[in-house]
Amino acid sequence: MEAAPDARLYLVTPERFEPDAFTADLARLFDTVPVACIRLSLGAVAEEDDWRRMANHLMPVCHEADVPLVIAEHYRLVQPLGLDGVHLAQGGPPVRAVRKELGKDAILGAAAGASRHAGMTLAEAGADYVSLGPVGETGALGGGETAPDDLFAWWSEMIETPVVAEGGAGPEEARRLAETADFIVPDRRLWETPERLLPALREMAEILAG
């Protein structure tokens with residue numbers, strides 16, 4: 001993914017969903033809200049068959065909308081499933097080794113928590129984007145330390161690699177980070193309240209578009 005003049009939404013799936021209903025909802029969402037990328041993230045207890053089945057459901061609707069689909073952590077499934085790339089968790093396998101296996105065309109993102117040093121190391125290793133967070137008080141990333149707004153301001157001035165803000169992000173975080181983050185991941189808990197999902201995503205998209 002490449003950085004754009006305006007920050008864009010990057011959606012992470014819920015860990016559990018009914019695939020047919022979810023893909024139908026996703027298609028409607030793509031018609032009304034601009035989305036830069038989808039990350040399939042099923043958590044640690046999901047079996048390989050679960051990842052394969054959900055990926056196969058999501059790929060047609062994502063590719064029809066020209067939205068890249070990446071998988072959380074399981075980079076060895078990228079090529080067999082025809083996915084667009086992988087998002088590596090903090091402390092995951094080395095970016096250089098994964099890049100060598102997947103090739104230069106795959107999207108390779110990596111999480112750095114709230115650490116400037118870790119983020120710089122990942123960027124220097126060749127990550128296509130670096131994820132920093134949590135950015136909201138309810139974010140459940142890293143060791144509890146929140147990624148401060150000035151980290152994103154510094155990153156936008158000093159580092160060319162696009163930066164993703166995630167972990168508890170809502171409209172307030174979108175307002176604060178619209179000019180310094182390249183992508184913002186809305187709080188995944190929005191999936192739990194469908195009646196709030198579209199209004200919240202629309203509000204965030206409007207904020208990011210200026």
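Along the sequence shown, the residues carry numbers beginning at 1.
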For a quick test of reading the model, state the closest non-hydrogen atom pair linking [X] to [Y] and the distance between them.
{"X": "Pro186", "Y": "Met204", "answer": "CB-SD, 4.0 Å"}
{"X": "Ala7", "Y": "Ala181", "answer": "CB-O, 3.1 Å"}
{"X": "Val95", "Y": "Ala125", "answer": "CG1-O, 3.7 Å"}
{"X": "Val61", "Y": "Thr23", "answer": "CG2-O, 3.9 Å"}
{"X": "Ala174", "Y": "Leu208", "answer": "O-CD2, 3.9 Å"}
{"X": "His63", "Y": "Gly82", "answer": "CE1-O, 4.0 Å"}

Just wondering, do [Y] and [X] contact through their side chains at under 4.5 Å, heavy atoms?
{"X": "Val86", "Y": "His74", "value": "no"}
{"X": "Leu190", "Y": "Arg196", "value": "yes"}
{"X": "Trp51", "Y": "Leu83", "value": "no"}
{"X": "Tyr75", "Y": "Pro93", "value": "yes"}
{"X": "Val45", "Y": "Arg16", "value": "yes"}
{"X": "Leu58", "Y": "Thr13", "value": "yes"}
{"X": "Met120", "Y": "Met158", "value": "no"}
{"X": "Arg188", "Y": "Ser41", "value": "yes"}

Hydrophobic cluster identity match, [X] and [Y], side-chain contacts under 4.5 Å:
{"X": "Ile207", "Y": "Phe152", "value": "no"}
{"X": "Leu197", "Y": "Phe30", "value": "yes"}
{"X": "Val163", "Y": "Leu9", "value": "yes"}

Find the distance between [atom1] ([X]) and [atom2] ([Y]) and round it off to the nearest 0.5 Å.
{"X": "Leu69", "Y": "Ile107", "atom1": "CG", "atom2": "CD1", "answer": "9.0 Å"}
{"X": "Ile38", "Y": "Leu26", "atom1": "CD1", "atom2": "CG", "answer": "4.5 Å"}
{"X": "Glu173", "Y": "Ile184", "atom1": "CD", "atom2": "CD1", "answer": "8.5 Å"}
{"X": "Arg96", "Y": "Leu108", "atom1": "CZ", "atom2": "CG", "answer": "11.5 Å"}
{"X": "Glu192", "Y": "Asp187", "atom1": "CD", "atom2": "CG", "answer": "8.5 Å"}
{"X": "Asp182", "Y": "Thr161", "atom1": "CG", "atom2": "OG1", "answer": "9.5 Å"}

Does [X] [atom1] have over 12 foreign heavy atoms under 6.0 Å away?
{"X": "Glu47", "atom1": "CD", "value": "no"}
{"X": "Asp66", "atom1": "CG", "value": "no"}
{"X": "Glu64", "atom1": "CD", "value": "no"}

Should [X] and [Y] count as an ion pair when the cut-off is N to O under 4.0 Å?
{"X": "Glu172", "Y": "Arg176", "result": "yes"}
{"X": "Asp150", "Y": "Arg116", "result": "no"}
{"X": "Arg28", "Y": "Asp25", "result": "yes"}
{"X": "Arg175", "Y": "Glu203", "result": "yes"}

Is it the case that the side chain of Arg99 and the backbone of Pro94 share a donor-acceptor pair, with hydrogens and angles ignored and the cut-off at 3.5 Å?
no
Tell me whether the rings of Tyr10 and Tyr129 are parallel (<30°), tilted (30 to 60°) or perpendicular (>60°).
perpendicular
